[in-house]
Amino acid sequence: MTTDTLIERLARELEPVRPLPHPAVRTGMWILGAAIYLAVIAVPITSSADFAANTTGGLRFFIPQLLAIVTGVIAAVAAFGSVVPGYPRRLWIAAATAAAAWGASLAIGARGQWSQPVDPALPSEWLCVALIVGIGAPLMLAIAWMLRRGAPFDPPLTVALSALAVTSLTNVGACFTHPHTNNAVTFVWHGLTLLVLVVVSVMMSRQIVGSPRAFR
Amino acid sequence: MAEVVSTEDRLGDLMRQTQAGDTAAYVTLLRELTPRIRRIIAKQRGFAGEANVEDLVQEVLLSLHAVRATYNPSRPFMPWLLAILRHRLVDGTRRYARTARREVALDDLDVTAAEPATNPDQGRSDDVEVVRAAVQALPPGQRQAIELLKLQELSLKEAAAASGSSVGALKVASHRAMAALRKALGNRG
């Protein structure tokens with residue numbers, strides 16, 4: 001087919017499209033939806049005793065939660081930006097830095113806790129894993145659906161950032177719903193869960209957001 | 001400088017009109033962009049040959065069409081286009097490297113199909129008849145997909161509108177039909 005024929009064909013197929021909102025706006029929409037969804041899920045299953053037990057951790061508890069939220073927001077902006085041609089790709093570095101700061105805050109908060117015995121009265125950490133995966137799945141589907149309306153030039157990067165955003169936010173939800181032994185346990189269990197989910201998502205990136213060839 | 005700005009503004013305006021569904025603006029935009037895209041690709045990938053350059057030009061136009069919603073009308077047009085172009089060049093380079101590893105270049109040889117004198121009418125007629133019979137032997141859905149997509153050269157969208165099938169169903173029917181034809185014609189001799 002000649003290029004002139006292609007141009008005529010593309011013109012014949014032209015339909016009006018609504019310009020994609022700015023990545024920050026799309027992030028805002030997704031974060032708002034995620035916050036409402038997490039609140040609806042977390043509030044009924046969080047007892048006031050659990051909430052009180054969590055908050056007694058003070059800054060050791062709240063700083064990692066704050067950094068997890070910051071990581072989620074930056075990762076989501078970077079994910080939405082990664083499907084817009086010309087949008088700065090290097091935002092992933094900011095997301096990775098925020099994730100590193102979040103991990104560091106947990107590690108610093110865990111000083112002196114590594115040898116503490118686990119309280120057998122507390123729920124198993126598998127509950128956290130189940131909560132992060134179960135609560136995160138609909139959020140991942142939502143962000144994947146939104147990202148498909150874009151240009152998936154680099155599916156692994158887009159999906160890694162999406163998985164980081166989802167896991168960061170669901171991690172906060174999971175941390176509020178029940179008490180944890182200490183920061184050391186949270187660092188290991190939540191960190192491993194995040195890593196596994198990001199790796200698995202990247203392996204399925206072409207199924208999640210589509211292949212670059214699909215938008216040719 | 002003023003000329004660069006005005007060209008940028010004009011291209012941005014044309015893209016805005018394209019997003020609104022203005023076919024004339026779209027044709028103008030694509031015709032104006034094509035030589036620029038071709039020039040950039042030829043500069044970077046000229047070694048790959050004219051046909052490969054033109055393939056890449058068409059891929060960029062197809063990508064532009066597919067992701068036209070991602071253009072932000074309040075932003076400059078050229079950085080958006082160049083990002084698409086850059087990604088297509090990277091894809092093209094990867095594909096070229098893969099192909100170059102697998103293929104061996106041969107001298108230009110006269111092949112039967114390219115030399116009318118070497119194609120006996122009898123054989124050609126037989127081939128046409130055999131192909132026609134193989135197409136007729138296909139199930140109705142697959143036959144319709146082949147007729148619309150391969151013989152009438154309609155796009156998937158046009159073929160879907162003409163047949164009342166979905167694009168996905170047409171893709172599947174076309175794929176199965178081609179497999180059946182390959183099998184039928186391959187077993188012939």
Side-chain angles (χ1 to χ4, degrees), chain A residues 1-29 77-92 145-158 205-207 209-216, chain B residues 15-35 37-38 53-88 90-91 94-95 153-158 161:
Chain A
M1 187 193 303
T2 67
T3 303
D4 281 340
T5 312
L6 175 68
I7 290 173
E8 285 163 18
R9 181 172 284 188
L10 292 178
R12 271 204 308 276
E13 290 179 3
L14 183 69
E15 285 173 5
V17 289
R18 195 163 39 88
L20 214 55
H22 191 276
V25 175
R26 301 184 82 201
T27 302
M29 289 159 59
V77 175
F80 283 114
S82 72
V83 295
V84 176
Y87 199 79
R89 285 282 176 282
R90 289 183 182 166
L91 259 183
W92 74 265
W145 179 76
M146 290 175 80
L147 288 166
R148 278 178 170 263
R149 197 167 167 250
F153 285 126
D154 193 348
L157 175 67
T158 300
S205 57
R206 284 171 200 276
Q207 287 77 36
V209 293
S211 150
R213 284 188 160 271
F215 68 83
R216 280 171 49 183
Chain B
M15 192 64 206
R16 272 188 286 280
Q17 291 166 41
T18 295
Q19 288 179 324
D22 184 337
T23 308
Y26 192 35
V27 171
T28 307
L29 176 72
L30 294 184
R31 289 203 192 289
E32 189 158 333
L33 290 179
T34 301
I37 295 169
R38 190 178 290 126
V53 169
E54 208 53 32
D55 279 354
L56 271 173
V57 171
Q58 295 193 6
E59 285 190 14
V60 173
L61 295 181
L62 284 165
S63 295
L64 182 152
H65 181 82
V67 303
R68 61 193 186 281
T70 64
Y71 172 66
N72 180 345
S74 64
R75 307 280 298 165
F77 175 78
M78 283 311 284
W80 178 80
L81 175 70
L82 290 175
I84 294 173
L85 183 54
R86 203 164 44 244
H87 282 282
R88 280 290 157 248
V90 171
D91 273 0
R94 282 197 198 117
R95 202 167 48 248
E153 295 190 333
L154 297 182
S155 68
L156 273 168
K157 207 171 169 185
E158 291 166 342

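All heavy atoms count here, side chains included; hydrogens, waters and symmetry mates do not. Labels below follow one simple rule: chain letters A, B, ... track the order of the sequence lines, proteins then strands, and each chain is numbered from 1.
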(message) Tell me the closest heavy-atom pair linking A/L10 and B/H65, and the distance in Å.
(response) O-CE1, 3.4 Å
(request) Would you name the heavy atoms of A/T2 and B/Q58 that are closest together and state the gap between them? (result) C-NE2, 3.4 Å
(message) Under 4.5 Å from any heavy atom of chain A, what part of B/T34 do you find: side chain, backbone, both or neither?
(response) side chain
(request) Check whether any side-chain heavy atom of A/R12 sits under 4.5 Å from a side-chain heavy atom of B/T23, and report yes or no. (result) no
(request) Could you look at B/P79 and say if it's the side chain, the backbone, both or neither that has a heavy atom under 4.5 Å from chain A? (result) backbone
(request) State whether the number of non-hydrogen atoms from other residues, nucleotides or ligands found under 6.0 Å of B/E153 atom CD is greater than 12. (result) no
(request) Go through the atoms of B/R38 and report whether side chain, backbone, both or neither lie under 4.5 Å from a heavy atom of chain A. (result) side chain
(request) For chain A, find which of B/A83, B/P76, B/P73, B/A69 contributes the most heavy-atom pairs closer than 4.5 angstrom. (result) B/A69
(message) So A/F153 and B/D91, do their side chains get closer than 4.5 Å, heavy atoms only?
(response) no
(request) Name the region of B/S74, side chain, backbone, both or neither, that has any atom closer than 4.5 Å to a heavy atom of chain A. (result) neither
(request) Return the minimal non-hydrogen interatomic distance between B/L154 and A/R9, and the atom names on each side. (result) C-NH2, 4.5 Å
(request) Find the distance between CD1 (A/I7) and CZ (B/R31) and round it off to the nearest 0.5 Å. (result) 5.0 Å
(message) Checking B/F77 now: which residues fulfil ring pair (Phe, Tyr, Trp, His ring centres under 6.0 Å) with it, not counting sequence neighbours?
(response) B/Y71, B/W80
(message) Which heavy atom of B/V67 sits nearest to which heavy atom of A/A151, and what is that distance?
(response) CG1-CB, 3.5 Å
(message) Given heavy-atom pairs under 4.5 angstrom as the criterion, report whether the side chain, backbone, both or neither of A/R18 touches chain B.
(response) backbone
(request) Grab the two heavy atoms, one from A/L14 and one from B/G21, that are nearest each other, plus how far apart they are. (result) CD2-C, 3.7 Å
(request) Can you tell me which residue pairs pass the side-chain hydrogen bond (donor to acceptor under 3.5 Å, both in side chains) test with a partner in residues 80-92 of chain A, sequence neighbours excluded? (result) A/S82-A/T158
(request) Would you sort out whether B/T70 and A/R149 count as a side chain to side chain contact (heavy atoms under 4.5 Å, CB included), showing the intermediate values? (result) CA-CA 8 Å; B/T70 64; A/R149 197 167 167 250; over 6 Å; no
